[in-house]
Amino acid sequence: MAKQVMDIRPGKGMTLSQSNEHLRVSLHGAKTSSRSLNIDPTRDLLNFEITQGCQVVPVDKRTSIPKRIRENLKKRGIEDPNKKYKKLGLEPKIRTVANFILGGSRDQMHRLAFGNQKVNLERGADNSSIRRMPEIENWAKDMYRFMSDRFGEKNIAAFVVHLDETNPHIHCTVLPITEQNKFSWKQVMVGENNSKFEYQKRTIELHNAIAEINAKYGLERGDKISETGAKHRSTAEYHEALRKELKEQNKRLFDTKIVLDDAIEKNEETIKEQKQTIDSLNKEIKHASARVKGLSTMIEHLETYKEDLEKEIAKLKADRDSGKISVEEAARKMDAITKNLEDVKDQILDKESKLSVAQAKLDSLNAQTSKTETRYQEVKTKLQTAQPEYNKNAMQEMEAFGYNLAAFDAMKRMEKYNEMTANMSPDERRILDKYNSVLLDDSIFEQMAENATEITTVATALFLGYLDKATAIAESHGGGSGPGTGWGKKDDEDELAFKRRCMLMAMHMMRPQNKVKKNRWHR
């Protein structure tokens with residue numbers, strides 16, 4: 001039988017970026033672009049929300065979840081405990097949001113959402129003909145009633161059902177507010193004793209209660225972690241697993257793995273880790289630099305806007321005093337401008353706080369990179385001295401492996417980059433685009449970020465001599481012509497040089513014949 005899924009993540013508020021992901025909002029309220037590999041834009045209209053009164057409605061992309069939370073609290077006369085920290089330019093400290101993810105095993109969730117319809121999960125597939133089944137709505141409504149009974153319907157800030165990802169699921173945003181209208185993560189989610197044991201007990205009870213509802217939808221209670229020994233993977237563990245997977249893939253493609261003795265393996269792994277760390281830090285430094293530059297620009301614009309508003313207030317006072325406008329009209333306009341001014345001041349404080357954090361992170365990354373590069377050079381020199389011939393082969397393998405990692409990392413970082421720019425104004429994006437176009441437009445980074453898998457496949461086919469296959473793959477993705485006659489490894493060319501040439505040719509073949517310059521902000 002299929003298993004149910006329930007995950008709880010505490011949050012110190014809800015960011016606009018998180019809200020945009022939940023509501024599938026891109027720029028100017030448009031549908032989510034292809035910036036996420038997990039989201040199918042052709043199924044966007046299948047997503048829906050459950051609102052008060054257990055009503056099924058289309059996703060409201062116009063009202064962000066942070067705004068919904070603010071309106072909810074204002075209506076109930078409740079103060080956000082993190083507001084005082086934000087005004088001081090500090091990071092929020094109080095847990096004010098419980099982010100629930102509700103779902104189940106993929107096959108059963110697909111049956112609930114799509115019935116017997118076949119969904120093509122390949123990237124770029126057109127699933128616009130797929131219809132939403134009533135069973136998924138019934139399941140979502142039962143989940144909504146359960147969450148309302150457990151935590152209070154007025155404490156559900158958002159209840160969004162995603163059917164455009166690989167596995168249909170629910171994002172339920174709960175405000176941990178007591179019956180006395182006070183925020184209390186401990187009282188609502190943990191218990192008065194505030195112990196790990198009590199929280200675990202409550203979570204198990206919550207799983208059991210949801211399982212009673214899920215049973216009629218073909219989903220049963222999953223095994224307890226205490227019984228299975230399963231555990232969530234940390235980010236470090238995830239990347240370690242990814243490195244192992246890519247290493248195995250590289251082995252299958254080229255079949256050149258050499259059995260090394262323990263001493264050589266130790267030196268190889270040390271250099272590999274240091275090189276990967278340096279590459280990762282350099283990418284993070286570029287990202288952090290762009291973040292600092294973007295925030296600085298935002299602050300400048302906000303300061304200018306603030307000055308303009310203050311001038312408007314002064315002019316209104318002068319017009320009122322001179323009798324050009326009535327006192328009532330002046331008061332009405334002044335109230336609106338003053339409210340806008342306070343909002344701008346709050347935004348400036350928020351951006352200055354984020355700028356401080358971003359600058360500190362950038363300084364830390366620079367220091368860490370310098371230290372890591374020193375260590376890397378020391379180990380590399382030692383290995384070059386002790387194993388000159390082995391070093392040549394090992395470094396070639398590590399560079400090829402590094403290209404795979406860089407391609408995967410490029411895709412992920414381009415997604416994060418687009419998410420960050422989604423929160424900027426059009427003017428700010430144009431400014432950032434102007435500076436970054438030199439680095440990104442038609443660059444290896446941009447091409448690998450968008451077509452890493454396809455480019456690597458074409459390059460591998462070229463390296464192995466499968467020219468027809470390489471050409472067919474490139475053309476099927478909108479690319480141009482083949483490698484031309486006489487392609488192959490030259491007599492005076494070593495293996496690494498030929499691999500590099502295969503990679504460059506693959507990128508050339510994958511480039512569209514009639515390429516139109518893209519605007520990365522409006523994909």
| said: Within this structure, what is the CG-CD distance for the pair Leu112 and Glu135, rounded to the nearest 0.5 Å? | reply: 6.0 Å
| What is the minimum heavy-atom distance between Met133 and Gly115, and which atoms define it? | CG-N, 3.3 Å
| task | For Ala506 and Leu462, work out which heavy atoms get closest and say how close. | result | N-CD1, 4.0 Å
| message | If you count heavy atoms of other groups shown closer than 6.0 angstrom to OH of Tyr305, is the number above 12? | response | no
| Test item: Arg291 side-chain N/O and Leu355 main-chain N/O as donor-acceptor pair under 3.5 Å | no
| task | Could you give me the CA-CA distance, side-chain angles and deciding distance for Asp80 and Lys74, then say whether salt bridge (Lys or Arg N to Asp or Glu O under 4.0 Å) is met? | result | CA-CA 9 Å; Asp80 183 350; Lys74 183 178 180 180; over 6 Å; no
| query | Roughly how far apart are Lys293 NZ and Met298 CE, rounded to 0.5 Å? | reply | 13.0 Å
| Is the backbone of Leu163 close enough, under 3.5 Å, to the side chain of Asn47 for a donor and an acceptor to pair up by distance? | yes
| Asn138 and Tyr217 side chains, donor-acceptor separation under 3.5 Å | no
| Just by distance, do the side chain of His110 and the backbone of Thr166 share a donor-acceptor pair under 3.5 Å? | yes
| Counting N and O atoms only, with roles assigned by atom type, does the side chain of Thr471 sit under 3.5 Å from a partner on the main chain of Leu467, one being a donor and the other an acceptor? | yes
| query | Can you check side chain to side chain contact (heavy atoms under 4.5 Å, CB included) on Phe159 and Thr173, steps first, answer last? | reply | CA-CA 6 Å; Phe159 196 94; Thr173 305; over 6 Å; no
| message | When you compare the side chain of Arg501 with that of Trp487, does any pair of heavy atoms fall below 4.5 Å? | response | yes
| message | To check you understand the geometry: which heavy-atom pair defines the closest contact between Arg150 and Glu205, and what is its length? | response | NH1-OE1, 2.9 Å
| query | How far does CD1 of Ile156 sit from CD1 of Ile50, to the nearest 0.5 angstrom? | reply | 10.0 Å
| query | Are the side chains of Val25 and Ser64 in touch, meaning some heavy atoms are under 4.5 Å apart? | reply | no
| task | Without swapping roles, check the side chain of Arg68 against the backbone of Thr63 for a donor-acceptor pair under 3.5 Å. | result | yes
| task | Drop me the distance from Ser105's OG to Lys3's NZ, to the nearest 0.5 angstrom. | result | 8.0 Å
| message | Working note: Thr203 + Gln200, criterion side chain to side chain donor-acceptor pair (under 3.5 Å); need CA distance, chi angles, decisive distance, verdict. | response | CA-CA 5 Å; Thr203 304; Gln200 183 182 50; over 6 Å; no
| Tyr144-Glu153 side chain donor-acceptor pair, cut-off 3.5 Å | yes
| message | Do Gln108 and Leu219 have side chains that approach each other closer than 4.5 Å (heavy atoms only, starting at C-beta)? | response | yes
| message | Once rounded to the nearest 0.5 Å, what's the spacing between atom CG of Leu102 and atom CG of Asp142? | response | 12.0 Å
| request: Locate the shortest heavy-atom distance separating Ile210 from Met6; write the atom from each residue and the value. | output: CD1-SD, 3.4 Å
| request: Name all residues meeting the side chain to side chain donor-acceptor pair (under 3.5 Å) criterion together with Asp126; count only those two or more places apart in sequence or in a different chain, and write none if there are none. | output: Ser128
| note | In this structure, CG of Leu175 is separated from CG of Leu73 (nearest 0.5 Å) by 6.0 Å
| Are the charged groups of Asp350 and Lys354 less than 4.0 angstrom apart, N to O? | yes
| field | Residues Glu71 and Lys154 bridged, charged N to O under 4.0 Å | value | no
| request: Any chance you could lay out the side chain to side chain contact (heavy atoms under 4.5 Å, CB included) test for Asp164 and Leu45, step after step, and finish with the verdict? | output: CA-CA 8 Å; Asp164 60 351; Leu45 292 178; over 6 Å; no
| Can Arg24 and Glu165 be counted as an ion pair, charged N to O under 4.0 angstrom? | yes
| Distance-only, no hydrogens or angles: does the Thr96 side chain make a donor-acceptor pair with backbone N or O of Gly13 under 3.5 Å? | yes
| said: Using every non-hydrogen atom in the two residues, find where Ala211 and Gln4 come nearest and quote the distance to one decimal. | reply: CA-OE1, 3.1 Å
| Sub-3.5 Å donor-acceptor pair from the side chain of Ser184 to the main-chain atoms of Thr178, do we have one? | no
| Any donor and acceptor pair, going by atom type alone, linking the side chain of Thr42 with main-chain N or O of Asn127 inside 3.5 Å? | yes
| Short N-O contact, Asp40 and Arg123, less than 4.0 angstrom | no
| field | Whether over 12 other heavy atoms sit under 6.0 Å from Lys83 NZ | value | no
| said: With a 4.5 Å cut-off on side-chain heavy atoms, are Arg132 and Val56 touching? | reply: yes
| message | Applying side chain to side chain contact (heavy atoms under 4.5 Å, CB included) to Ile213 and Met143, what does each step give before you reach the verdict? | response | CA-CA 8 Å; Ile213 301 172; Met143 289 293 102; 3.5 Å; yes
| field | All ring-ring contact (aromatic ring centres under 6.0 Å, His included) counterparts of Phe151, not counting sequence neighbours | value | Phe100
| message | Donor-acceptor check, side chain of His169 to backbone of Gly104, threshold 3.5 angstrom: yes or no? | response | no
| request: Report yes if some heavy atom in the side chain of Lys67 is under 4.5 Å from a heavy atom in the side chain of Met14; otherwise report no. | output: no
| request: In sequence, state the C-alpha distance, the side-chain angles, and the governing distance for Arg76 and Asn155, and then conclude on side chain to side chain contact (heavy atoms under 4.5 Å, CB included). | output: CA-CA 11 Å; Arg76 298 162 65 184; Asn155 290 328; 2.8 Å; yes
| message | Less than 4.5 Å apart, side chain to side chain, heavy atoms only: is that true for Pro58 and Phe48? | response | no
| request: For the residue pair Asn82 and Phe183, establish whether any side-chain heavy-atom pair is separated by less than 4.5 Å. | output: no
| note | Closest non-hydrogen atoms of Asn214 and Trp139, given as atom of the first, atom of the second and distance, are OD1-NE1, 2.8 Å
| query | Under 3.5 Å, is there a donor-acceptor pair between the side chain of Gln117 and the main chain of Arg131? | reply | yes
| So do Glu212 and Phe146 actually touch side chain to side chain, heavy atoms under 4.5 Å? | no
